[in-house]
**Student:** 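Submitted below is the structure of interest, expressed as structure tokens.
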Amino acid sequence: MTTLDTGRLVEGMREEIEAFARTVAGGDPEAKVPTCPEWRLRDLVGHIGQAERWAAELVRTTAPLPIPDPFEAERVAPESWARWLRDGAEELIAAVVESPRDAQVWSVLGPAPARFWLRRILCDTIVHRYDASATTGVPHELAGDLAADVLREGLELLSAPGVETFKPELAELRGSGQSIGVRPDGMEGWLIVRTPEGVRWELGRADGDVVVSGPVRELMLVFTRRVPPGRVSGDRALLEHWLANTAF
């Protein structure tokens, strides 16, 4: 599974924001989000719409902007949620598509192409749509390629040079060769290795000191700490340590 191209990211962003809007439609704005217990449903919606617009502005200016506080997001009436979310997604898509091909924008990991932020906000929306589903009871389904890209993007972030400067607690993931296999049903897997220099990973192999397997959507939810792991073989404590130290 390779990184999705810009066309699929655009398509996926539209798919996910429509699904998110359907999921929260009619929901109680004050309902507590069980997977993010410090948030209410209105906070979750506010965060997504805020993040879309923040990333769009960042791409347009190519300069760093303060990371916004989700509790300071614009308060939009529930009957306007769907339109507000769609408008934010289209603003971000337009900013990325209209950006010069060779443009470099600010990211938490250094200069990056504009599509970095489309992918980042898409992955964030995918995970938070599950949170919305857990709140409203709307069934959650997800395309396999999008679920796989959330996993891959997470590994790219965790293994990026300088990531510990942004999040020092990720130094806890250093090790002496301990390995975690991620084995999605019917797809290539990943091997994660904890080295003295930090996290390393490779595509294809899926063995390891501990191996987690299952449908790719389930594995995405496991590695974003939304559901407990199902099929696990090997050193479960190693997996639990990884999950405890990879929260963004």
Side-chain angles (χ1 to χ4, degrees), residues 9-10 12-14 16-21 23-24 27 29-99 103-132 134-135 149-150 153-154 156-158 160 162-170 224-226 246-248:
L9 292 176
V10 168
M13 189 74 220
R14 288 175 172 148
E16 283 300 303
I17 214 66
E18 288 294 335
F20 189 97
T23 300
V24 300
E30 298 302 319
K32 183 176 287 189
V33 179
T35 45
C36 300
E38 71 277 17
W39 285 7
R40 306 290 178 174
L41 185 61
R42 57 177 166 76
D43 300 318
L44 189 62
V45 174
H47 166 64
I48 295 300
Q50 178 191 57
E52 294 169 328
R53 289 161 172 82
W54 174 78
E57 181 65 13
L58 193 154
V59 168
R60 286 192 295 264
T61 63
T62 72
L65 297 171
I67 296 175
D69 183 342
F71 292 105
E72 296 178 359
E74 180 181 351
R75 295 300 182 202
V76 177
E79 60 269 23
S80 300
W81 279 353
R83 174 58 64 85
W84 186 66
L85 290 164
R86 290 188 199 108
D87 287 349
E90 291 303 325
E91 184 178 340
L92 174 57
I93 289 167
V96 171
V97 170
E98 294 168 8
S99 178
Q104 294 284 296
V105 303
W106 177 87
S107 83
V108 294
L109 302 177
R115 69 188 301 277
F116 171 94
W117 284 108
L118 178 58
R119 188 187 188 202
R120 176 81 288 278
I121 300 304
L122 171 57
C123 290
D124 194 50
T125 301
I126 288 169
V127 175
H128 283 313
R129 183 164 69 83
Y130 176 81
D131 298 328
T135 308
D149 203 50
V150 173
E153 193 230 18
E156 290 175 1
L157 291 173
L158 291 169
V163 68
E164 292 173 11
T165 302
F166 171 68
K167 195 168 180 62
E169 52 267 43
L170 293 179
T224 54
R225 297 158 306 284
R226 263 53 186 185
T246 52
F248 266 81

**Student:** Would you compute the distance between atom CG of L122 and atom CG of L9 and round it to the nearest 0.5 angstrom?
**Tutor:**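 If we round to the nearest 0.5 Å, L122:CG and L9:CG are 6.0 Å apart.
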**Student:** Please check this pair: side chain of W117 against backbone of A56, looking for a donor-acceptor N/O pair closer than 3.5 Å.
**Tutor:**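 No, the answer is negative, given that no donor and acceptor are paired below the 3.5 Å cut-off.
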**Student:** Does a salt bridge link R14 with E90, judged by any charged N lying under 4.0 Å from a carboxylate O?
**Tutor:**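 Yes.
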**Student:** I need the R119 CZ to D124 CG distance, nearest 0.5 Å.
**Tutor:**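 Those atoms lie 13.5 Å apart.
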**Student:** Taking the six-membered ring for Trp, is the centroid-to-centroid distance between W39 and H128 below 6.0 Å?
**Tutor:**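 They qualify: ring centres under 6.0 Å apart.
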**Student:** Where do T135 and A31 come nearest, in terms of heavy atoms and distance?
**Tutor:**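 Distance-wise, the nearest heavy atoms are CG2-CB, 3.8 Å.
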**Student:** Taking side chain as C-beta onward, heavy atoms only, is F116 less than 4.5 Å from E156?
**Tutor:**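 With C-beta onward as the side chain, the pair stays apart.
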**Student:** If you measure from OG1 on T165 to CG on L170, what distance do you get to the nearest 0.5 Å?
**Tutor:**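 With rounding to 0.5 Å, OG1 (T165) is 10.5 Å from CG (L170).
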**Student:** Would you call E18 and R129 a salt bridge, taking side-chain N to carboxylate O under 4.0 Å as the test?
**Tutor:**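 No, this pair does not count.
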**Student:** Report yes if some heavy atom in the side chain of I17 is under 4.5 Å from a heavy atom in the side chain of I48; otherwise report no.
**Tutor:**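 I17 vs I48: side chains touch.
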**Student:** Identify the two heavy atoms, one from A160 and one from L109, that lie closest to each other, and give their separation to 0.1 Å.
**Tutor:**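 Minimum heavy-atom separation between A160 and L109: CB-CD1, 3.4 Å.
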**Student:** Is the closest side-chain heavy-atom distance between L158 and T246 below 4.5 Å?
**Tutor:**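 A side-chain contact exists here, since the closest heavy-atom pair is under 4.5 Å.
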**Student:** Using side chain to side chain contact (heavy atoms under 4.5 Å, CB included), reason through R53 and D87 one step at a time and then give a plain yes or no.
**Tutor:** CA-CA 9 Å; R53 289 161 172 82; D87 287 349; 3.8 Å; yes
**Student:** Please tell me if the side chains of L41 and P29 come closer than 4.5 Å, counting only heavy atoms from C-beta onward.
**Tutor:**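 Sidechains of P29 and L41: no contact.
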**Student:** Under a 3.5 Å distance rule, please check whether E74 uses its side chain to pair with a backbone N or O of G49 as donor and acceptor.
**Tutor:**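 Between the backbone of G49 and the side chain of E74 there is no qualifying donor-acceptor contact (under 3.5 Å).
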**Student:** How close do D149 and C123 get, heavy atom to heavy atom, and via which atoms?
**Tutor:**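 Of all heavy-atom pairs spanning D149 and C123, the closest is O-SG, 4.2 Å.
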**Student:** Measure from the side-chain N and O atoms of T62 to the backbone N and O of L58, and report whether any donor-acceptor pair falls under 3.5 Å.
**Tutor:**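 Not a single qualifying donor-acceptor pair exists.
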**Student:** Any donor-acceptor pair under 3.5 Å linking the side chain of R226 with the backbone of T224?
**Tutor:**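 A pair under 3.5 Å: yes.
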**Student:** Taking the side chain as C-beta and beyond, is there a heavy-atom pair between M13 and E52 under 4.5 Å?
**Tutor:**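 M13 vs E52: side chains touch.
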**Student:** Looking at E30 and R42, does any basic side-chain N land under 4.0 Å from a carboxylate oxygen?
**Tutor:**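 Yes.
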**Student:** Can you see which heavy atom on A132 is nearest to which on L44, and at what distance?
**Tutor:**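 Looking at all heavy atoms of both residues, the shortest contact is N-CD2, 3.6 Å.
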**Student:** Strictly distance-based, threshold 3.5 Å: is any side-chain N or O of T125 a donor or acceptor partner for the main-chain N or O of I121?
**Tutor:**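 It does hold such a pair.
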**Student:** Check G46 against W84 and note the closest heavy-atom contact, atom names and distance.
**Tutor:**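 Reported closest heavy-atom pair: O-CH2, 3.7 Å.
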**Student:** Tell me whether S80 contacts the main-chain N or O of V76 through its side chain, where contact means a donor paired with an acceptor under 3.5 Å.
**Tutor:**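 No; zero donor-acceptor contacts below 3.5 Å.
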**Student:** Answer yes or no: is there a donor N or O on one side and an acceptor on the other, between the side chain of D43 and the main chain of R40, under 3.5 Å?
**Tutor:**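 Here the side-chain-to-backbone pair exists.
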**Student:** Where is the tightest heavy-atom contact between Q50 and D69, given as atom of each residue plus distance?
**Tutor:**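 Taking Q50 first and D69 second, the nearest heavy atoms are NE2-O, 3.0 Å.
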**Student:** Please determine if R60 and E91 form a salt bridge, counting it only when a charged side-chain N lies under 4.0 Å from a carboxylate O.
**Tutor:**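 Salt bridge: yes.
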**Student:** Once you round to the nearest 0.5 Å, how far does CH2 of W106 lie from CG of L65?
**Tutor:**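 With rounding to 0.5 Å, CH2 (W106) is 8.0 Å from CG (L65).
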